[in-house]
Amino acid sequence: MATERYNAPEREQHWQKVWEDKQTFRTADDMSRPKCYVLEMFPYPSGRIHMGHVRNYTMGDVLARFKRAQGFNVLHPMGWDAFGMPAENAAMERKSHPKTWTYENIAAMKAQLKSMGLSLDWSREIATCDPSYYVHQQRLFLDMLAKGLAYRRKSKVNWDPVDQTVLANEQVIDGRGWRSGALVEQREREQWAFRITHYTQELLEALGTLEKWPDKVRLMQENWIGRSEGLLLWWKLDAATAPAGHDALQIFTTRPDTLYGASFMAIAPDHPLAKAAAEKDAKLAAFCEECRRMGTSVAEIEQAEKLGYDTGITAIHPLDPTWKVPVYVANFILMDYGTGAIFGCPAHDQRDIDFAKKYGLPIIPVVAPKDEPKRGQVVAKIHEGVAYLDDGEMINSHFLDGLSPSAAFDAVARRLEGENLDGKPVAERKINYRLRDWGISRQRYWGCPIPVVHCETCGTVPVKAQDLPVVLPDDATFDQPGNPLDRHPTWKHVDCPKCGKAAQRETDTMDTFVDSSWYFARFTAPNAATPTDRAALDYWMPVDQYIGGIEHAILHLLYSRFFYRAMGDTGHGGSTNLPEPFAALFTQGMVVHETYRRADVEPPQWLLPTEVKFDVDGDKRTATELATGKPAIIGSIEKMSKSKKNLVDPDDIIQHWGADCARWFMLSDSPPERDVIWTEAGVASAGRFMQRAWRLVDLTIENAAAKGAAMAPKLGPEALALRRTAHKVLDQVGRHIEALRFNVAVAQLYELSNSLSDAFNASGEGLAEAQREACELLVQMLGPMMPHLAEECWARLGYNTLLAEQPWPKADPALLVDDTVMVAVQVNGKRRGELSVSRGADNGEVEAAALKLEAVVRALEGKTPKKVIVVPQRIVNVVV
RNA sequence: GCGGACGUGGUGGAAUCGGUAGACACACAGGACUUAAAAUCCUGAGAUGGAAACAUCGUGCGGGUUCGAGUCCCGCCGUCCGCACCA
């Protein structure tokens with residue numbers, strides 16, 4: 001039989017059509033079977049898929065196909081995170097409509113995803129920009145509003161005065177709008193927000209239950225939530241110095257133990273006390289204004305000097321009424337953390353010590369090591385300006401002296417909790433969090449409309465449920481900055497749902513992170529008349545394996561955890577109200593690629609991989625620009641990006657090499673959580689393996705036993721060895737796929753292929769049947785990874801069934817253990833030889849045989865062993 | 001600054017529990033087939049010394065625990081990531 005090359009692009013289309021025609025991957029809600037919900041983070045429809053998508057969706061697909069073969073009822077859906085600014089920006093640039101642009105992109109990307117041969121149930125497809133999706137999101141919003149989980153508040157926002165919109169912090173680059181380049185202003189604005197802080201403690205605690213999440217992500221969320229335990233503490237203000245109406249100042253501290261080290265108070269420029277004081281002090285007002293103008297970028301904060309302004313107000317020490325400390329306004333105090341005020345203890349806080357040195361404030365050490373000379377050294381260091389942060393015992397602290405800081409914390413808390421200030425306790429223990437409520441208002445068109453109406457008489461009124469959805473008007477204009485909904489001539493003018501008088505719609509739309517905070521739940525019942533279907537949720541949720549990028553470690557994954565809880569509390573959860581949506585999370589690495597640029601040009605002019613050719617001389621590799629013939633520089637390996645031009649188009653790869661080849665490459669070599677370096681050589685290698693697997697099937701058809709042949713009753717050593725390899729690999733590959741160690745699974749499939757190849761150059765009793773078995777197992781194991789090739793091979797092996805519908809084969813346990821094992825023999829831990837040992841051999845026999853080994857005798861140099869350690873099936877160590 | 005992860009051949013990486021370090025692949029070198037090339041097949045290879053047998057060294061560096069350490073413990077160095085004026 002002449003071996004033709006496997007024509008991947010052509011055959012892949014064939015099998016995709018077969019799967020589609022047969023609806024192979026359509027998922028039924030067959031609740032009698034065990035389920036498995038495999039989900040990859042859905043894409044933003046930018047227009048084309050990129051290699052990151054290929055990697056992400058390949059991993060999910062391998063798992064989904066594997067689980068399906070194992071007999072699970074698998075849910076593996078796909079949709080589109082379709083709202084967002086790029087669509088609106090594209091509309092402004094090309095004078096098209098965001099909707100047109102988005103749906104065209106969806107169509108193009110859907111075709112691309114289909115060409116990857118993913119086992120997706122497309123009947124459940126969701127686009128978040130479709131009214132059939134966002135109607136339910138509006139319903140969820142209204143129910144959250146009724147429960148107080150959504151509310152309106154005044155808050156500070158980054159305002160781009162050119163684009164006339166709020167910008168997220170990530171969209172502010174060096175104090176300027178990322179798109180307009182305009183200086184961003186801090187503005188107070190009425191904003192819709194979700195009360196994520198209602199669940200703060202729960203979101204923190206439940207992290208402990210997410211055992212199948214990466215520790216890294218859990219830790220990142222933990223830090224983001226930022227719990228700290230401390231004391232809320234009132235300081236009386238000296239009436240002679242304080243503005244009217246301000247007789248006390250409340251601060252938050254995690255170190256009440258260091259209270260006797262206090263030498264100043266500092267308050268935020270926006271603090272009410274600062275504002276009151278500024279009314280009578282023009283210089284202070286100017287100082288506060290200056291602070292407000294200061295940038296918020298990382299660089300600016302690092303360079304910014306710690307500045308303070310003495311207000312002239314003094315505060316009375318809570319533990320000593322005769323002790324007064326000055327109150328400063330300081331540029332480094334944040335109004336939205338704690339109470340926007342602190343007491344400064346310079347000796348034990350580096351920032352406070354810098355501040356104290358600068359303004360000549362006292363520095364009183366109150367914690368120091370127990371013993372000299374360490375104590376003296378620490379105190380000396382403090383006076384040089386190095387704060388002491390470690391444990392020790394209290395000094396200079398009156399009734400606290402000699403206590404440990406933690407005991408002093410309790411002692412101070414106990415004393416002050418009992419004291420009174422105008423009927424209120426002076427101090428209370430308080431757990432403070434960094435987590436803020438989630439502001440969701442965006443002054444944008446292409447987002448989910450917030451379904452409320454503002455009425456002069458009735459205030460903010462929810463749209464009636466039967467009037468949902470509030471649909472975006474198609475006839476908006478995008479030719480100028482600002483919110484198209486706000487300037488639309490008619491859309492916002494409606495009657496108040498309550499009193500019927502003329503009123504105005506809310507023109508803000510929701511942050512697109514809202515859309516992606518519950519799509520996974522909608523997939524379980526994409527056509528339900530309500531946002532979710534309880535029975536479907538009960539069956540399918542939680543997602544058994546979620547796969548996506550680490551960049552979503554905090555926002556998306558935290559928002560989803562919140563939202564799913566909020567859904568439960570508003571009657572949209574499952575009957576058991578399981579709070580966590582994602583049982584297991586996997587964060588995959590990026591796809592990276594070499595960069596290329598023209599030589600001797602500044603700034604760098606980047607070249608596409610397709611614009612250069614390479615010459616290899618020994619281990620030296622040089623690049624030449626194709627168009628000019630000039631040498632090009634091979635630069636560092638970086639994340640694929642448009643700016644560095646180090647892009648490879650999945651379409652090109654799929655059309656030239658086939659989807660299976662791209663999939664195989666993505667799974668090979670690099671562990672899935674790490675970055676994978678995309679190389680031409682790597683693709684070629686994957687392509688070679690594809691052809692090799694194809695030839696092995698040929699060899700099987702020509703030389704091995706026929707389909708369905710019974711295993712020969714007697715097996716020669718060659719046949720037995722091949723069977724053992726095949727079944728061991730089968731056993732291992734299953735485990736590795738389960739654990740998402742695809743690179744190791746791939747290596748083992750190479751090993752089986754090598755053994756099968758070798759077997760065609762050997763002969764022995766029963767080998768033909770063993771070859772047949774090994775080849776069929778190989779093809780079945782390739783199924784989840786290279787599904788088209790595997791179907792083609794399966795058909796060539798004589799089957800008229802679909803491989804995608806075959807159950808996963810079972811390894812024969814008898815073949816997983818060897819009759820004889822090679823055991824290493826060490827002398828004093830150094831390997832000196834090896835020994836072939838039968839499985840049943842007892843330790844005494846093994847020890848005796850080991851001591852007879854020539855290399856062991858030589859290494860012993862006539863000495864008598866003190867001890868011989870025999871680890872059965874593993875190792876012998878002779879100790880002298 | 002705080003928190004975390006990682007460090008294994010020329011390269012990507014493998015090594016369930018502490019038990020033969022370097023599986024598998026890439027790149028490289030040699031050979032077979034070919035007029036030639038491609039494709040394919042075979043062979044080699046951690047480093048040093050040696051013709052070889054073999055010996056010594058070897059998982060970032062320095063210590064430790066252990067019969068035995070890539071794996072566990074302590075201290076460094078380096079790289080990467082996250083957060084960051086958080087009281």
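First the proteins, then the strands, lettered A, B, ... as listed; each starts at 1.
Under the ring-ring contact (aromatic ring centres under 6.0 Å, His included) criterion, Phe614(A) pairs with Tyr596(A), not counting sequence neighbours. For Tyr337(A), the ring-ring contact (aromatic ring centres under 6.0 Å, His included) test picks out no residue, with sequence neighbours left out. Here Leu853(A) pairs with Val825(A), Leu835(A), Val856(A) under the side-chain contact (heavy atoms from CB on, under 4.5 Å) rule; sequence neighbours left out. Here Lys357(A) pairs with Ile363(A) under the side-chain contact (heavy atoms from CB on, under 4.5 Å) rule; sequence neighbours left out.
Using modelled atom types, one side-chain atom of Thr339(A) and one backbone atom of Gln250(A) make a donor-acceptor pair closer than 3.5 Å. Between the Asn877(A) side chain and the Ile869(A) main chain, no donor and acceptor come within less than 3.5 Å of each other. Although no hydrogens or angles enter the test, the distance criterion places no donor-acceptor pair under 3.5 Å between the side chain of Asn331(A) and the main chain of Lys306(A). Not one N or O on the side chain of Asn432(A) forms a donor-acceptor pair closer than 3.5 Å with the backbone of Ser228(A). Judged by distance alone, with hydrogens and angles left aside, the side-chain atoms of His348(A) form a donor-acceptor pair with the main-chain N or O of Tyr388(A) at under 3.5 Å. Between the side chain of Gln221(A) and the main chain of Ala553(A), a donor-acceptor pair closer than 3.5 Å is present.
Residues from residues 341-354 of chain A with heavy atoms under 4.0 angstrom of RNA chain B, sorted by number: Ile342(A), Arg351(A).
Among the protein residues, Ile333(A) comes within range of the nucleic acid bases, having at least one heavy atom under 4.0 Å from a base atom. At a threshold of 4.0 angstrom between heavy atoms, the contacts of Ser668(A) with the nucleic acid are absent. Counting non-hydrogen atoms under 4.0 angstrom, Tyr750(A) reaches the backbone sugars and phosphates but no base.
Comparing rU40(B) with rA25(B), their P atoms are spaced 13 Å from each other, to the whole Å. A distance of about 29 Å separates the P atoms of rG10(B) and rG18(B), rounded to the whole Å. A gap of 14 Å separates the C1' atoms of rG13(B) and rA27(B), to the nearest Å. The same atom, P, is picked in rC54(B) and in rA45(B); the two are 14 Å apart, to the nearest Å. Look at the C1' atom in both rG50(B) and rA32(B): the space between them is 30 Å, to the nearest Å. A gap of 38 Å separates the P atoms of rA87(B) and rC17(B), to the nearest Å. If you take atom P in rA5(B) and the same atom in rG9(B), they sit 22 Å apart, rounded to whole Å. Using atom C1' as the reference point in both rU34(B) and rU16(B), the two lie 48 Å apart (nearest Å).
The CG atom of Leu233(A) lies 8.0 Å from the CG atom of Leu319(A); values are rounded to the nearest 0.5 Å. Between atom CG of residue Leu204(A) and atom CD1 of residue Ile225(A) there is a gap of 5.0 Å, rounded to the nearest 0.5 Å.
Listed by first then second residue, pairs satisfying salt bridge (charged side-chain N to carboxylate O under 4.0 Å, His left out) with a partner in residues 725-735 of chain A read Lys728(A)-Asp818(A), Asp731(A)-Arg735(A), not counting sequence neighbours. The side chain to side chain donor-acceptor pair (under 3.5 Å) analysis of residues 256-271 of chain A, with sequence neighbours excluded, yields the pairs Lys156(A)-Asp270(A), Arg255(A)-Asp257(A), Asp270(A)-Arg292(A).
An OP1 or OP2 oxygen of rA25(B) is reached within less than 4.0 angstrom by no side-chain nitrogen or oxygen of Ser685(A). Side-chain nitrogen and oxygen atoms of Asn754(A) include at least one within less than 4.0 Å of the OP1 or OP2 phosphate oxygen of rA25(B).
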Worksheet entry | Protein-to-nucleotide contact annotation, 5' to 3' order, nucleotides 64-71 of chain B [B base; S sugar-phosphate only; - none; under 4.0 Å, heavy atom] | ---BS---
With the criterion being N/O to N/O and under 3.5 Å, what pairs connect the protein with nucleotides 4-15 of chain B, and how long is each?
unit_1	atom_1	unit_2	atom_2	d
rG12(B)	O2'	Ser670(A)	OG	3.3
rG12(B)	N2	Asp669(A)	OD1	2.8
rA14(B)	OP1	Asn743(A)	ND2	3.3

Please tabulate the protein-to-nucleotide N/O contacts below 3.5 Å involving nucleotides 38-40 of chain B, giving atom names and distances.
unit_1	atom_1	unit_2	atom_2	d
rU40(B)	O3'	Arg695(A)	NH2	3.4

Show the distances under 3.5 angstrom between N or O atoms of the protein and N or O atoms of nucleotides 49-59 of chain B.
unit_1	atom_1	unit_2	atom_2	d
rC57(B)	OP2	Lys830(A)	NZ	3.1

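Residue Lys358(A) places its NZ atom among more than 12 non-hydrogen atoms of other residues, nucleotides or ligands, all under 6.0 Å distant. No more than 12 heavy atoms of other residues, nucleotides or ligands sit less than 6.0 Å from atom CD of Glu680(A).
Between the CG atom of Leu752(A) and the P atom of rA25(B) there is a distance of 12 Å, given to the nearest Å.
For Glu751(A), counting side-chain heavy atoms from C-beta on, the closest listed nucleotide (rC24(B), rU16(B), rA27(B)) is rC24(B).
Checked by atom type, the side-chain pair Asp437(A)/Thr197(A) shows a donor-acceptor distance below 3.5 Å.
In secondary-structure terms, RNA chain B builds stems of at least 3 consecutive Watson-Crick or G-U pairs, each pair having both distances under 3.5 Å, at B:1-7 with B:77-83, B:10-12 with B:24-26, B:28-32 with B:40-44, B:46-49 with B:54-57, B:60-64 with B:72-76.
Tyr6(A) has its side chain within reach of Met690(A): a pair of non-hydrogen atoms, C-beta onward, lies under 4.5 Å apart.
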